[in-house]
Amino acid sequence: REKPVVLCGINIYFSASLQGGVNDEITLTAYIIIALLQIPLPVTHSVVRNALFCLETAADEKENHVYTKALMAYTFALAGKEEKRKALLGSLEKEAVKKDGSVHWQRPGKEPEVDLPYYRYRAPSAEVEMTAYVLLAYLTTQPAPSQEELSFASLIAKWISSQQNPNGGFSSTQVSCFPPATSHTNVRRWEVSDPQVG
């Protein structure tokens, strides 16, 4: 059943069954703008422009959830809003979990992992998703990510790859879309910046 939703002044109809874990206006707005920018709709389009203004206002709030920050960082990266992208990535880096030569993000208040012999912990899919959004935000910049950003991104990619199951997938189909997307983004960057690749 469809229900109307107003996101940052935009009337949108969507099926409630497709809502998933999204439970606030800002997160849902970021999802929609990511999709619109990937079409690609220009940032000058009124819907995108108005929603980006709403997200910019929300990004200045101090109490944003880490998942929301990750989504907004990628949204601003796609929109070419480099200053907002860098500010959110700086904030996210302070909340990062740096362990065993890798980097990831987790939900606030999460119980510590139990270190058991012969057991390989796999994070909940929401944590893999938010970490993948941060990775995409690091890789999506013009003209190309700096060497420092690529080095940090490789630590994120290391953690994401450690979350794969024995068949190469992840705990949800949504998460399974990220590694090919990040790989494609990274390859495309190198093809553009390195004339030796061919």
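Along the sequence shown, residues are numbered consecutively beginning with 1.
Thr57 contributes a side-chain N or O that, together with a main-chain N or O of Phe53, makes up a donor-acceptor pair within less than 3.5 Å. Between the side chain of Thr140 and the backbone N or O of Ala77 there is no donor-acceptor pair closer than 3.5 Å. The backbone N or O of Glu127 lies less than 3.5 Å from a partner atom in the side chain of Thr131, making a donor-acceptor pair. The main-chain N or O of Val66 is never found under 3.5 Å from a side-chain atom of Glu95 such that the two would form a donor-acceptor pair.
Distance CG/Leu92 to CG/Leu89: 6.0 Å, rounded to 0.5 Å. Taking OG1 of Thr141 as the start and CG of Leu136 as the end, the distance is 13.0 Å to the nearest 0.5 Å.
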Quiz prompt | Criterion side chain to side chain donor-acceptor pair (under 3.5 Å) on Glu129 and Tyr67, from CA distance to verdict | solution = CA-CA 8 Å; Glu129 286 175 31; Tyr67 191 98; 2.7 Å; yes
Practice problem: Decide yes or no on side chain to side chain contact (heavy atoms under 4.5 Å, CB included) for Val47 and Leu41, but give the supporting numbers first. | Solution: CA-CA 9 Å; Val47 171; Leu41 252 166; 5.9 Å; no
Self-check item: Phe76 and Glu56: CA distance, side-chain angles, deciding distance, side chain to side chain contact (heavy atoms under 4.5 Å, CB included) verdict
Solution: CA-CA 9 Å; Phe76 292 132; Glu56 287 173 1; 3.6 Å; yes
Exercise. Go through the steps to decide whether Val43 and Leu52 satisfy the test side chain to side chain contact (heavy atoms under 4.5 Å, CB included), and finish with yes or no.
Key: CA-CA 8 Å; Val43 293; Leu52 283 171; 4.2 Å; yes
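The closest side-chain heavy-atom distance from His104 to Lys158 is not below 4.5 Å. Proximity of Val128 to Trp159: side-chain heavy atoms (C-beta onward) are separated by under 4.5 Å at one or more points. Within the 4.5 Å cutoff, no side-chain heavy atoms of Thr75 are placed close to those of Tyr31. His45 is not listed as a side-chain neighbour of Leu37, based on a closest heavy-atom distance of 4.5 Å or more. Using a 4.5 Å heavy-atom threshold, the side chains of His65 and Pro108 count as touching. Contact check for Asn64 versus Glu61: side-chain heavy atoms found under the 4.5 Å cut-off. Side chains of Gln164 and Ser161 form a contact here, defined as non-hydrogen atoms less than 4.5 Å apart. Side-chain atoms of Met72 and Ile26, non-hydrogen and from C-beta on, do get closer than 4.5 Å to each other.
Contact detail for Ala123 and Gln163: the closest heavy-atom pair is N-OE1, 2.6 Å. Taking every heavy atom of both residues into account, Ile33 and Ala51 meet most closely at CD1-CB, 3.3 Å. Here the closest heavy-atom approach between residue Leu71 and residue Ala30 is recorded as CB-CB, 4.0 Å. Across every non-hydrogen atom of Ala73 and Leu88, the tightest pair is N-CD1, 3.6 Å.
Cluster membership for Ile34 and Trp105, using ILVMFWY side-chain heavy atoms within less than 4.5 angstrom, is shared.
At most 12 non-hydrogen atoms from other residues, nucleotides or ligands lie less than 6.0 angstrom from NZ of Lys81.
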Name each donor-acceptor pair under 3.5 Å that joins a side chain in residues 148-157 to protein atoms two or more places apart or in another chain, with its distance.
residue: Glu149; atom: OE1; partner: Ser146; partner atom: N; Å: 2.9
residue: Glu149; atom: OE2; partner: Arg85; partner atom: NH1; Å: 3.3
residue: Glu149; atom: OE2; partner: Arg85; partner atom: NH2; Å: 2.7
residue: Ser151; atom: OG; partner: Gln147; partner atom: O; Å: 3.0
residue: Ser154; atom: OG; partner: Ser151; partner atom: O; Å: 2.6

